[in-house]
Amino acid sequence: MTPPIVIETCAASMSYAGQTVLSGVDLRCAAGEFVSLLGPSGCGKSTLLRMAAGLEQPTSGSVRIGAGGRSLDSEGTDATSFVFQDPNLLPWRDVWHNVALPLEIEGMDRKEQRRRIADSLRLVGLHEADARKYPHALSGGMRMRASLARALVTRPSILLLDEPFAALDDMLRTQLNEELLALWQRENWTVLFVTHNIAEAVFLSNRIVVLGGKPSRCVAEIEVPLPHPRDRTLRGSAEFARLTAEVSASLFEASA
Amino acid sequence: MNDRIRHALIVSIPPLVTLLAMIVLWHLAVIVFQMPPYLVPTPKRVGVVLLQEAGPLARATWLSGRAALCGFAISLGLGTSVAIVFSQSALVRRSLYPYAIFLQTVPIVAIAPLIINWLGPGFWGVVVVSTIISLFPIVASTTAGLTTVPSGLVDLFRLHRANRIQRLFKLQLPHAVPALINGARASSGLAVVGSIVGEFFAGYSVDEPGLGMIITHSSSLLKTDLLFAAMILSALLGVMIFGTVSLLTMLTLRRWYGGVADPNA
C-alpha cells in the first residue's frame, strides 16, 4: 500500500503587486516523506511553505494539507506545525512558557500541558534548568531548540520548516541536522524543509524539489536514495558527493 | 556589593557637584549684581523659608502630589484602554486619533478655566487638568506598541488560530509594555505640570493651598523666596514620580530583556 499524499499543491501560483513569484507549482508529499525545497534566495520557496501552512493564499491553484484535506488547526493525527527561520520566541516568556503557548491557545488542561511540554523539551535536548531561562539568555542554538520544542508540543504529524538552521554556525547546523533526522525516523513525521544549503538538503531528504527560474517553478526533482540511519560520515562518501554535484548542477541550470 | 556602591557613587557624584556649583554661582550672582530679594533671593534665604514654612509647604506638596498621582493613574488606565480600542480597529483609530492629538496640542491654559467652570474649584478640577495634559503620551506610545508586533509573532498566533482576546492578552499587550512604560515616564512629569497649572485656576482654598496656589500667591505678593521654595518642591515632586516610574521600568524589563532599558532602541 502506498502512503497517502498529505501535502499537495496543484498549479499553485502567487503574485505580489502584479509580480509573479511562483508560477504553477505542483508538489506532492507522501506521508512519512522528508522533502526539501531548494532554491536561490528570493525564489519563493518560503512563500510556497507559507501557502502550505495556510499563512498565505495562492493567487491561483490550490493547496491541500493533511490526509483528509484538513487544515492546520485541525485536531487529531494530521496536526501540522511550522518552524520559522527566526526562532520567534516571546521575549517576556521563559522557555517553558514559550513552549506552552500553542497548548494555552488550544485551551488544554494544565496537567496534560505540563506532561507534553516536558516531553517536547526532552525531545529537543533542553534541560529543566534551560526551561526557566528567558530567550535573551539563550544561545542561537538553544533558541532554535526551544522554537522546535514549541512546534513539537502539539504532536504534529506534518512539520513545515522554513530554513530553521540558516542562522546557525556550520557545526551546530550539522549537529541539529542529525538530531532532526533521528527524530524524523523515530516519530514518522512528514517533513517539508526549506533551505538554500545543498549539503543540508542532500543529507536530510528523501527527495529534493529544486525551484528556480523567473517566475519560479519546479525545475527538478531529485531522489536521494542514501540509506538510513545517516550520520556525519556519510558527508564524506562518494555517493554524497555525486548527489551534491547533481543537485548543484540543476540549481545552477535553474538560475541561469 | 562593593561594585554597586562604586557604581552608585559614579552615578550620583557628578550631578551633586553640578548642583553645588550652581548654588554657589547663584549665591555669587546675587551678591555681585546686588539683586534685590524680591527679584532673586539668595539660596540661603530660600533655605530658611523652606525650613520656616516646612509644615505648610509639606502639606502643599502632598496636596499637589496627590492630585498629580491621581491624574497620572487616570491617564494610565484611560490611556491604555483607549490604546487597546485603537489597536483593535484601523477604522476606529483613523476616526479618533486626530482628536487624541487635539489633547496634546490644545493649550491647557485655554481650557483649564472651562474645566473649573464645569467642575468647580478644588481637587477634581485639578485632577482633570492633570489628566488631560498627561494622557496623550500614554495613548500614543501604547497604541504604537500594540500595533507594531513583529510579523513573525503575528504569524505564530495566526498559525495556532488564536482569537482576538488571546492575541491581545498573550501577544499585543505584553509586547506593548516597554512602549507603555516609556509613555508613562513622559506622562508622569506632565501630570505634575498639570496639577500645578490646574491649581493656578482651580486651587483648593486659601487655607489649604497646593504648590500651584503658593506659586501664584507668593508671586503676586513678591514673596520671591517662597516662590523659589515652591518651585523647587514642584521640581522635586516631578523628579520623584518620574524616578519611581523609571525604577519600576527597570525592574520589569530587566527580567525580559536582560537589563536593556529600551529593547526597541
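On a predicted model such as this, the values are computed, not experimentally measured, just so you know. We name chains A, B, ... by the order of the sequence lines, and we start the count at 1 in each one.
Residues B/Asp155 and A/Arg50 form a side-chain contact, since some pair of their non-hydrogen atoms from C-beta on lies under 4.5 Å apart. No side-chain heavy atom of A/Trp92 sits under 4.5 Å from any side-chain heavy atom of B/Leu173. A 4.5 Å side-chain heavy-atom check between B/Arg161 and A/Ile105 finds every atom pair outside the cut-off. Side-chain contact between B/Leu156 and A/Leu101 is present, with at least one heavy-atom pair separated by less than 4.5 Å.
Residue B/Arg93 qualifies as enclosed at atom CZ: its count of foreign heavy atoms under 6.0 Å is above 12. Counting heavy-atom neighbours within 6.0 Å of A/Glu128 CD, excluding the residue itself, gives a total of 12 or less. Taking a 6.0 Å sphere around CE of B/Met240, one finds it holds 12 or fewer heavy atoms contributed by other residues, nucleotides or ligands.
How far NE2 of B/His160 is from OG1 of A/Thr154: 6.5 Å, rounded to the nearest 0.5 Å. In this structure, CG in B/Leu159 is found 4.0 Å from CG in A/Leu55, a value given to the nearest 0.5 Å. Atom CG in A/Asn88 sits 10.5 Å away from atom CZ in B/Phe157 (nearest 0.5 Å).
In this structure, B/Lys170 and A/Glu104 approach most closely via the heavy-atom pair NZ-OE1, 2.7 Å.
Heavy atoms closer than 4.5 Å to chain B are found nowhere in A/Gln85, neither backbone nor side chain.
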